Amino acid sequence: MSTERRKPYPFDRIEDKWQKYWDAHQTFHCPNPGEKGFDPKKPKYYVLDMFPYPSGAGLHVGHPEGYTATDILARFKRMCGFNVLHPMGWDAFGLPAEQYAIKTGQHPSVTTAQNIDNFRTQLKRIGFAYDWQREVNTTDPGYFRWTQWIFLQLYNAWFNPASQKAEPITTYTGADPDAVRLAYVAKVAVNWCSALGTVLANEEVVDGRSEVGGHTVERRPMRQWMLRITAFADRLINELDGLDWPESIKLLQRNWIGRSEGAEVHFKVEGTSHSVRVFTTRPDTLFGATYLVLAPEHQLVEEITAPSQRDSVQSYQAACKSKSDLERTDLAKEKSGVPTGAFALNPVNGERVPIWIADYVLTGYGTGAIMAVPAHDTRDHEFAQKFQLPIKQVVQPLGDEPWQGFTGHGTAVHSDFLDGQPTPEAKRQMTDWLEERGTGKGTVQYKLRDWLFSRQRYWGEPFPIVWENGRHHAIHESELPLTPPPMEDFKPTGTPEPPLSKAVEWLKYSETARRETNTMPQWAGSCWYYLRYCDPDNAGRFVSRDAERYWMGANDASPKPGGVDLYVGGTEHAVLHLLYARFWHKVLFDLGHVSTPEPFQRLVNQGIILGEDGQKMSKSRGNVVNPDEVINEFGADAFRCYEMFMGPLEQMKPWNTAGVEGVSRFLARVWRLVMEESQSGEWSRSGSLKDLPLDKAQLKVLHSTIKKVTEDIESLSFNTAISQMMIFVNAFTGAGEKPVGALRTLLQLLNPFAPHLTEELWQIIGTGGCVADQIWPTFDPDALIEDELELIVQINGKLRDKLTVKRDASSQEIESAALASPKAQEWTAGKTIRKVIVVPGKLVNIVV
RNA sequence: GCCGGUGUGGCGAAAUGGCAGACGCAACGGACUUAAAAUCCGUUGGAGAGCAAUCUCCGUGUGGGUUCGAGUCCCACCACCGGUACCA
């Protein structure tokens, strides 16, 4: 005997049935231009999900939130007559698979394949209308050969500052092309994680620990592959303007790139031929510079340190070096530093200022040296107070704030030729003054660093690079894909030597050349997958020109950059993935390989789903909701609808199982509008369905539902679209005889949300074919107009009465009717009516 | 610290400057049933008045402002969440 509770409608049977049907008929396959079945008359719509990393844990309820939103839009656009590209794939290279492999001894390709199968099965159970013929997998040699090919494009290109574009390296006329390539090798201080046996990008380090696993990370100089993303910093900022992205995400990217305008100022070191270059955003405060600070790692420290200070400088340097990044941030509050004993000369007034070293100056930003203006910089102020360095006012605040520690804009004072100038003007004048004398110049600095692109891992794309006589060169395109060697032992070596260095045979490219042993980071494959979906099986090009132009092109004659029409995913990719992908896309665009300057026209972030306790879902809290269990109990349609009904897509919101039940009840009511159950529990077409004309009230409900659902899907307000359909169902549930025509329309409107249920019911009461293939209904504005309107009557803005008037009543008629209403009489008795405001169709406000 | 977001019933939430709380959950009452589940029909922001239908007052984080009218616009503040952090 089954303890399973009775299902409100037989979703288990029908969902499986329609999933098989869609698979067998390839209902959602959309051919490319030129292919059989392609309809060139239709406009295109490219709706994209952030593809998942197929982890061993399987899908969680966060994934299907965004996926359901895009699925509804894809199905809707399809019914509206678009050619819809709606694909799914796997971002399958990466650290977790490799670590799992090391733990279990199973090859990562095996576990990856298993995880992908599991994810695919789970996604299919939710009934997504993906074109599965376009599935991509970043670990497939047919895919990553093109990831490697794109790397070669980067390697063989440089950024021409004159054209502000990437160009083939052959247009570079300088002596050393290796110095300007977009992919280059550099010895840089990197985040080395010995526990993971790899270096990490800055973005992968959180609070001095690895984002994956939380292991400690130390800075080490190592030879690494870098991508010159900084060359594109300005374009990556400026070209955000044309994108339909949330402003908050644009801001996040702008802040990450961190552009600041300022000036470089040269300070001569007294008694030497050296000079210290500093970067400042406030050249107007140069007269207030009372000391200089170099980063402890600064190259000049060694040469300028006075003999008397040598010991203290060296021990301070050593102390800094041993501090991990974690400690450095922890100790951020307390300033520390030591004087070098050297002095510099302020170029603007010849004043002698001491040179210090301190770890609050970072080696990686600007010039690694600053001029300290303690009066008008919080950090310098703190430092100067601690070490009793002079504090000299040079800016007068406009208000009555104290000048000490004032960092805002004001008027220059005690600054000779700048006196009386407002800050922006003073900046300009000082920069000009410096440039005229050759002791400085206006410059721009960015927080963005070049992208550290190599990893010491096995489970990633090998570089298409070989080393010969200490120099690197690219292998030929025809040698791609370069597959990783089959290895039994792919454990980290425990040293910075990558695991591939153990593949002796594979390493040997020729008698004199050895292969590069680093691999690419996980970001590589996800930087261009949206392009591969356009033409996933192309063996001759990463994407055909025609397919790229069609799917990625701008819609009609709009001035927008074009690209993917809608991209939905989590905020966690706001900077990294979205910045990297834009960078690659711009390189491909400059080199003529793609037709648009930006990859993603419209971006929407789904909010995260919290556990039932309102806390972030996590295994340790035990509040994780498993989609499979929800689907087993309530069905995929209820799961989809609930995820959309919870609240606005972009908002963070807690899961509530009782809410799923409510949505499930709604779907069951739809089912019972069409079906009735016999004594023996068999479902059949309801006898109360009739071919009836609708009465006025029903017409109004029907057409306002069409209107609202259509508009709400366009604006991604799925929660209110579902509410409206509930109102429809509530209105028709009471009817004794049910008009079948109106129910057909409901099935069409509901289809993108609950595709299985609606297909099944369409088979019973529809007009043939699939609902998914029907044309989206349009509403009749006349059906929404009532003969009589109910207006509200306000006295001084407070609701006092209601009034029913003819639709075409004039303002005068409405006004006199309102004044005559008993309530208005009562409230205005004995008072002078000062004003009457009539808003036609809405209200009358009487002011007394 | 800085940047961003959010504050509305018991809960998830709705509301082009115009009836605050649609829709759903939960709760309560009723119908059906031997009973329960399911289903269907109702009630449900708070306080007060009335036998009653109904009426009055209060109410969208706090305090001001604009307006005939503010959850919505403006100013100041508070709380929570997220991001970021010595970026000169």
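Lettering follows sequence order; numbering is per chain, from 1. Note that this is a predicted model, so its numbers are computed, not measured.
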Measure from the side chain of Tyr360(A), starting at C-beta and using heavy atoms only, and say which of C25(B), C86(B), C58(B) lies closest.
-> C86(B)
How would nucleotides 4-20 of chain B be written as a contact map, 5' to 3', with B for base contact, S for sugar-phosphate-only contact and - for no contact, using protein heavy atoms under 4.0 Å?
-> S-------BSS-B-BB-
Taking the C1' atom of each, how far is A20(B) from C28(B), in whole Å?
-> 24 Å
Grab the CD1-P distance between Ile722(A) and C25(B) for me, whole Å please.
-> 13 Å
List, one per line, each side-chain donor-acceptor pair under 3.5 Å for residues 840-848 of chain A, sequence neighbours excluded.
unit_1: Asn845(A); atom_1: OD1; unit_2: Asn796(A); atom_2: N; d: 3.4
unit_1: Asn845(A); atom_1: OD1; unit_2: Gly797(A); atom_2: N; d: 2.9

Taking it one step at a time, do Thr571(A) and Asn605(A) satisfy side-chain hydrogen bond (donor to acceptor under 3.5 Å, both in side chains)?
-> CA-CA 6 Å; Thr571(A) 347; Asn605(A) 289 118; 4.6 Å; no
Of all the heavy-atom pairs spanning Ala721(A) and Asp712(A), show the shortest one and how long it is.
-> N-OD2, 3.2 Å
G82(B) to A76(B) separation - P atoms, rounded to the nearest Å | 26 Å
Whole angstrom is fine here: how far is it from CD1 in Ile370(A) over to P in C86(B)?
-> 13 Å
Would you tabulate the pairs of protein nitrogen or oxygen atoms and nucleotide nitrogen or oxygen atoms of nucleotides 39-45 of chain B closer than 3.5 angstrom?
unit_1: U39(B); atom_1: O3'; unit_2: Arg672(A); atom_2: NH2; d: 3.0
unit_1: C40(B); atom_1: OP1; unit_2: Arg672(A); atom_2: NH2; d: 3.3

Which part of the nucleic acid does Ser260(A) contact within heavy-atom distance under 4.0 Å: base, sugar-phosphate only, or nothing?
-> sugar-phosphate
How do Ala369(A) and Ile846(A) order along RNA chain B: which one's closest nucleotide is nearer the 5' end?
-> Ile846(A)
Is Lys835(A) touching bases, backbone alone, or none of the nucleic acid, heavy atoms closer than 4.0 Å?
-> sugar-phosphate
Separation of A85(B) atom C1' from Asp359(A) atom CG, nearest Å, is 15 Å
Any salt bridge between Arg254(A) and Asp241(A), counting N to O under 4.0 Å?
-> yes
For nucleotides C2(B) and C58(B), find the distance between their C1' atoms and express it as a whole number of Å.
-> 40 Å
Rounded distance (Å) that lies between atom C1' of G82(B) and atom NZ of Lys616(A) = 8 Å
RNA chain B nearest-nucleotide lookup for Ile727(A) and Arg282(A): closer to the 5′ end is Ile727(A)
Do Tyr642(A) and Asn656(A) have side-chain atoms, one donor and one acceptor, less than 3.5 Å apart?
-> no
Give one of base, sugar-phosphate or nothing for Arg800(A), where a contact means two heavy atoms less than 4.0 Å apart.
-> sugar-phosphate
Provide, to the nearest angstrom, the distance between the NZ atom belonging to Lys823(A) and the C1' atom belonging to A53(B).
-> 12 Å
Over-ring placement of Lys335(A) relative to Phe383(A), 6.0 Å and 45° cut-offs | no
Could you give the CD-to-P distance, from Glu247(A) to G82(B), as a whole number of Å?
-> 23 Å
Once you round it to whole Å, what is the distance between C1' of C23(B) and CE of Met726(A)?
-> 6 Å
Could you check if the base of G9(B) is syn or anti? Syn means the glycosidic torsion is within 90 degrees of 0.
-> syn
So what does Gly662(A) hit on the nucleic acid, given a heavy-atom distance under 4.0 Å: a base, only sugar-phosphate, or nothing?
-> sugar-phosphate
Would you mind reading off the distance between Arg259(A) atom CZ and A88(B) atom P, rounded to a whole angstrom?
-> 13 Å
When you look at CD of Gln385(A), are more than 12 heavy atoms from neighbouring residues, nucleotides or ligands closer to it than 6.0 Å?
-> yes
Is any side-chain heavy atom of Phe11(A) closer than 4.5 Å to a side-chain heavy atom of Trp671(A)?
-> no
Each stem that RNA chain B is part of, given as range with range (3 or more consecutive Watson-Crick or G-U pairs, under 3.5 Å) | B:1-7 with B:78-84, B:10-12 with B:23-25, B:27-31 with B:39-43, B:45-49 with B:54-58, B:61-65 with B:73-77
Is Glu826(A) salt-bridged to Arg800(A), cutoff N-O under 4.0 Å?
-> no
Taking the P atom of each, how far is C19(B) from G1(B), in whole Å?
-> 39 Å
All pairs passing salt bridge (Lys or Arg N to Asp or Glu O under 4.0 Å) where residues 647-657 of chain A contributes a residue, at least two apart = Glu65(A)-Lys653(A)
Euclidean distance for P, A70(B) against G65(B) (whole angstrom) = 12 Å
With sequence neighbours left out, write down each residue that passes side chain to side chain contact (heavy atoms under 4.5 Å, CB included) with Thr407(A), or none if nothing qualifies.
-> Thr378(A)
Span that lies between the P atom of C11(B) and that of G64(B), in whole angstrom = 26 Å
Quantified in whole Å, what is the C1' atom distance between nucleotide U60(B) and nucleotide G21(B)?
-> 9 Å
Report the C-alpha distance between Tyr291(A) and Phe387(A) in whole Å, list the side-chain angles of each, state the deciding distance to 0.1 Å, and finish with yes or no for ring pair (Phe, Tyr, Trp, His ring centres under 6.0 Å).
-> CA-CA 11 Å; Tyr291(A) 60 102; Phe387(A) 294 103; 8.9 Å; no
Step-by-step side-chain hydrogen bond (donor to acceptor under 3.5 Å, both in side chains) determination, Gln445(A) to Ser260(A) = CA-CA 5 Å; Gln445(A) 286 293 338; Ser260(A) 27; over 6 Å; no
How about Gln724(A) and Leu749(A): do any of their side-chain heavy atoms sit closer than 4.5 Å?
-> no
G71(B) and A22(B): how far apart are their C1' atoms, nearest whole angstrom?
-> 15 Å
Remember a base hit wins even if backbone is also touched, and classify Trp827(A) as base, sugar-phosphate or nothing at under 4.0 Å, heavy atoms.
-> sugar-phosphate
